[in-house]
K.L.:
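Below you'll find the structure I mean.
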Amino acid sequence: MEFSLRPISPGDKAALVAAWDQVSPESQCRRFLSPHPRLSGRELAYFTEVDGWNHVAWVATPAEDRDTILGVGRWVRLAGAPDTAEFAVVVGDAMQGGGIGTALLDRLVADAEERGIRAFTAQVLADNEPVRRLLARLGRTLERERHGAVDELRVQLAA
């Protein structure tokens, strides 16, 4: 399927709810580290009302339908380490493996580097191989620190 990327907008709340319904419980758990069947109103506001500098988010949509969300990628600058951002990418299960996650990550990296971000971090379940494979595509060193069932991942961006 052909898809395009665009910045998320505050008007995407209903589309984000519909997209979340296309994410399996297992993938939801990978994203939030625990079961998370619904997005709260507070989460929807946080996820869609971004400032474009400290919090950047992109959505992947079908090329012919810019209102349907297939996947979302975001990063949020860490307050205590302004050259580092926590990132996340989630793609509906039916669309996984089609290049959407890679395209979102590439866009996030480009935006982050333009805004002075030098590293991405993420807390992921230790068995979350899809995110490791996604990050490996960047061709950069991936550091991993284990904390029980959760790994803290760190990947360096631009020097």
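One is the number of the first residue; the rest follow in order along the sequence. What you see is a predicted model; the values in this text were computed from it and never measured.
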K.L.:
For a quick test of your reading: what N or O donor-acceptor pairs under 3.5 Å do the side chains of residues 79-89 make, sequence neighbours left out?
P.N.:
none

K.L.:
Given H36, which of Q28, R30, E43 fulfils the side chain to side chain donor-acceptor pair (under 3.5 Å) condition?
P.N.:
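Among the candidates, only E43 passes.
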K.L.:
Is P62 close to E2 at the side-chain level, that is, under 4.5 Å between some pair of heavy atoms?
P.N.:
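Not in contact.
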K.L.:
Can you tell if the side chain of F47 reaches within under 4.5 Å of the side chain of V72, non-hydrogen atoms only?
P.N.:
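With C-beta onward as the side chain, the pair stays apart.
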K.L.:
Taking the side chain as every heavy atom from C-beta outward, state whether E49 and K13 have any atom pair closer than 4.5 Å.
P.N.:
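In short, these two side chains touch, coming nearer than 4.5 Å.
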K.L.:
Other residues, nucleotides and ligands only: do more than 12 of their heavy atoms fall within 6.0 Å of CD on E64?
P.N.:
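Yes, enclosed.
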K.L.:
Got a second to check how far I69's CD1 is from L16's CG, nearest 0.5 Å?
P.N.:
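Spacing of CD1 (I69) from CG (L16) equals 5.0 Å.
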K.L.:
Kindly work out whether a path of hydrophobic side-chain contacts (I/L/V/M/F/W/Y, heavy atoms less than 4.5 Å apart) joins L142 to L104.
P.N.:
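Result: yes, single cluster for both.
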K.L.:
Can any side-chain N or O of R115 pair as donor or acceptor with the backbone N or O of A110 at less than 3.5 Å?
P.N.:
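Flag not set: sc R115 to bb A110 has no pair under 3.5 Å.
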K.L.:
Linking I/L/V/M/F/W/Y whenever their side-chain heavy atoms sit closer than 4.5 Å, directly or via other members, would L135 and I100 fall into one cluster?
P.N.:
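Yes, L135 and I100 fall within the same hydrophobic cluster.
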K.L.:
Compute whether any side-chain donor of one residue and acceptor of the other, for D111 and W75, lie under 3.5 angstrom apart.
P.N.:
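W75 and D111 do not have a side-chain donor-acceptor pair below 3.5 Å.
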K.L.:
Do R74 and H55 come close enough that some side-chain heavy atom pair is under 4.5 Å?
P.N.:
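When only atoms from C-beta onward are counted, H55 and R74 do touch, with a gap below 4.5 Å.
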K.L.:
Indicate, with yes or no, if V150 and V124 share a hydrophobic cluster defined by side-chain heavy-atom contacts under 4.5 Å among Ile, Leu, Val, Met, Phe, Trp and Tyr.
P.N.:
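No, V124 and V150 fall in different hydrophobic clusters.
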K.L.:
Is the closest side-chain heavy-atom distance between M95 and F3 below 4.5 Å?
P.N.:
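No - every pair of side-chain heavy atoms lies 4.5 Å or more apart.
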K.L.:
Could you check whether F32 and W20 have their ring centres less than 6.0 Å apart?
P.N.:
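Close enough - the centres of the two rings lie under 6.0 Å apart.
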K.L.:
Side-chain contact test, heavy atoms from C-beta onward, threshold under 4.5 Å: evaluate it for E143 versus E152 and give yes or no.
P.N.:
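E143 does not reach E152 side chain to side chain.
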K.L.:
Linking I/L/V/M/F/W/Y whenever their side-chain heavy atoms sit closer than 4.5 Å, directly or via other members, would L70 and L108 fall into one cluster?
P.N.:
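As far as the 4.5 Å side-chain criterion goes, L108 and L70 are connected within one cluster.
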K.L.:
Heavy atoms only: give me the nearest C29-P35 pair and the separation to one decimal.
P.N.:
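That closest heavy-atom pairing would be SG-N, 3.5 Å.
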K.L.:
Strictly below 4.0 Å, N to O, side chains only: are R132 and D151 in salt-bridge contact?
P.N.:
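Yes, R132 and D151 are salt-bridged.
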K.L.:
Any chance you could measure R38, atom CZ, to L44, atom CG, to the nearest 0.5 Å?
P.N.:
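The distance works out to 12.0 Å.
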K.L.:
Rounded to the nearest 0.5 Å, what separates atom CG in L5 from atom CZ in R107?
P.N.:
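It comes to 8.0 Å.
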K.L.:
I'd like to know if the side chain of Q96 and the backbone of V91 have a donor-acceptor N/O pair within less than 3.5 Å.
P.N.:
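Yes: the side chain of Q96 pairs with the backbone of V91.
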K.L.:
Please examine the side chains of V109 and L105, heavy atoms only from C-beta on, and report whether any two atoms are closer than 4.5 Å.
P.N.:
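Touching, per the 4.5 Å side-chain cut-off.
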K.L.:
Taking C-beta and beyond as the side chain, do L157 and F120 meet within less than 4.5 Å on heavy atoms?
P.N.:
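The answer is yes; the side chains approach within 4.5 Å.
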K.L.:
Just checking, is any N or O donor in the side chain of D12 or T48 under 3.5 Å from an acceptor N or O on the other one?
P.N.:
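Looking only at side-chain atoms, T48 and D12 do not form any donor-acceptor pair under 3.5 Å.
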K.L.:
According to a hydrophobic-cluster definition based on side-chain heavy atoms being under 4.5 Å apart (Ile, Leu, Val, Met, Phe, Trp, Tyr only), do V56 and L134 belong together?
P.N.:
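V56 clusters together with L134.
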K.L.:
Could you tell me whether R146 atom CZ has more than 12 heavy atoms of other residues or ligands within 6.0 Å of it?
P.N.:
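Count over threshold, so yes.
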K.L.:
Applying side-chain hydrogen bond (donor to acceptor under 3.5 Å, both in side chains), name anything that partners Q22, two or more places apart in sequence or on another chain.
P.N.:
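Here no residue qualifies.
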